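Take a look at this one; I'll ask things after.
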Amino acid sequence: PEIVNDVYDMSKRPKTMKDWLTDEISSKWKHDRRMDILTVPEADKFGPPDSYPCKAQCTNGGGSIETTLCPMMFPPEQKTLLKYLKPTTRVFEWGSGASTIYYSQCVKSWTSIEHDVGWCKQMQRMVPPNTNVRCVPIEKEFEVSF
């Protein structure tokens with residue numbers, strides 16, 4: 001999509017974690033997504049409601065986690081994944097979302113492949129600076145699978 005507002009403006013993407021933590025654009029976006037999750041009328045559309053509040057500390061020597069958005073997992077699942085993430089870890093994932101924003105704060109680098117171009121463009125602007133979201137649309141012949 002063309003740049004219609006700051007949500008898609010990569011020139012305004014913070015370059016450091018300190019700047020990302022205080023960035024008004026991504027803070028508002030994360031808050032709005034959290035409200036979408038917590039006020040959705042359909043039970044479990046975005047994951048278990050008891051995923052909020054989430055743990056605010058990386059394990060294995062990592063720092064604190066900004067927790068406006070929590071991974072859409074049950075707390076024991078969150079804890080299990082955090083156990084394996086270290087400040088030296090490099091992660092590659094298929095699909096991006098709240099978990100990408102949350103867990104990427106605990107690792108050296110995070111790369112996510114996202115097929116939904118509109119969502120991908122938002123995620124590229126909103127993720128922490130150590131995170132790279134790549135847009136890879138589904139080929140026409142496979143769209144029916146999604």
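These numbers come from the heavy atoms of this one structure, side chains and all, not from hydrogens, waters or symmetry mates. Predicted, not measured: the structure shown is a model, and the values here were computed from it.
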With heavy-atom distances below 4.5 Å as the criterion, would you say the side chains of Gln124 and Cys135 are in contact? yes

Would you say Arg34 and Leu69 make side-chain contact, with heavy atoms under 4.5 Å?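 Arg34 vs Leu69: side chains touch.
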
Between atom CD1 of Ile65 and atom SG of Cys54, what is the distance when rounded to the nearest 0.5 Å? 7.0 Å

Any side-chain to backbone donor/acceptor pair from Gln105 onto Gln57? Under 3.5 Å, distance only. no

Reported CE-to-SG distance for the pair Met123 and Cys120, which is rounded to 0.5 angstrom: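 Spacing of CE (Met123) from SG (Cys120) equals 8.5 Å.
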
Flag, side chain of Thr89 to backbone of Lys86, donor-acceptor distance under 3.5 Å: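 Such a contact is found between Thr89 side chain and Lys86 backbone.
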
Hey, are the side chains of Cys106 and Leu82 touching, using non-hydrogen atoms and a 4.5 Å cut-off? yes

Give me the atom names and distance for the closest heavy-atom approach of Tyr52 to Cys70. OH-N, 3.1 Å

Heavy atoms, side chains only, cut-off 4.5 Å: are Val91 and Lys108 in contact?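 They are not in contact (no side-chain heavy atoms under 4.5 Å apart), so the answer is no.
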
Between Glu93 (side chain) and Ser112 (backbone), is there a donor-acceptor pair under 3.5 Å?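 No, Glu93 side chain to Ser112 backbone: no donor-acceptor pair under 3.5 Å.
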
Non-hydrogen side-chain atoms of Lys28 and Asp32 separated by less than 4.5 Å: yes

Treating Trp110 as the side-chain partner and Val133 as the backbone partner, does any N or O pair qualify as donor plus acceptor under 3.5 Å? no

Any donor-acceptor N/O pair, Asn132 side chain to Thr111 backbone, under 3.5 Å: no

Atom of Thr67, atom of Lys55 and distance for their closest heavy-atom approach: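 Heavy-atom minimum between the residues: CG2-O, 3.5 Å.
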
Check for me, please, whether Met73 and Val107 land in the same ILVMFWY cluster - side-chain distances under 4.5 Å, paths through other members count.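 Yes, one cluster joins them.
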
Check the hydrophobic clustering (I, L, V, M, F, W, Y; side-chain heavy atoms under 4.5 Å; chains of links allowed) and say if Met35 and Ile101 are grouped together. yes

Where does the angle between the aromatic ring planes of Trp119 and Trp29 fall among parallel (under 30°), tilted (30 to 60°) and perpendicular (over 60°)?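 Tilted: the ring planes of Trp119 and Trp29 meet at 30° to 60°.
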
Under the criterion salt bridge (charged side-chain N to carboxylate O under 4.0 Å, His left out), I'd like the reasoning laid out for Arg125 against Asp23: C-alpha separation, chi angles, the key distance, then a yes or no. CA-CA 11 Å; Arg125 170 59 178 85; Asp23 179 53; 3.1 Å; yes

Nearest 0.5 Å, what's the CG-NZ distance between Leu81 and Lys79?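 Between atom CG of Leu81 and atom NZ of Lys79 there are 13.5 Å.
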
Is there a donor-acceptor contact under 3.5 Å from the side chain of Ser96 to the main chain of Glu114? no

Would you say Val127 and Ile25 are hydrophobically clustered, going by side-chain heavy atoms of ILVMFWY under 4.5 Å? yes

Identify the two heavy atoms, one from Thr68 and one from His31, that lie closest to each other, and give their separation to 0.1 Å. CG2-N, 3.6 Å

Sub-3.5 Å donor-acceptor pair from the side chain of Arg13 to the main-chain atoms of Pro128, do we have one? yes

Taking every non-hydrogen atom, the tightest pair across Met126 and Trp20: O-NE1, 2.7 Å

Minimum heavy-atom separation for Gln78 to Tyr103, with atom names? CA-OH, 3.1 Å

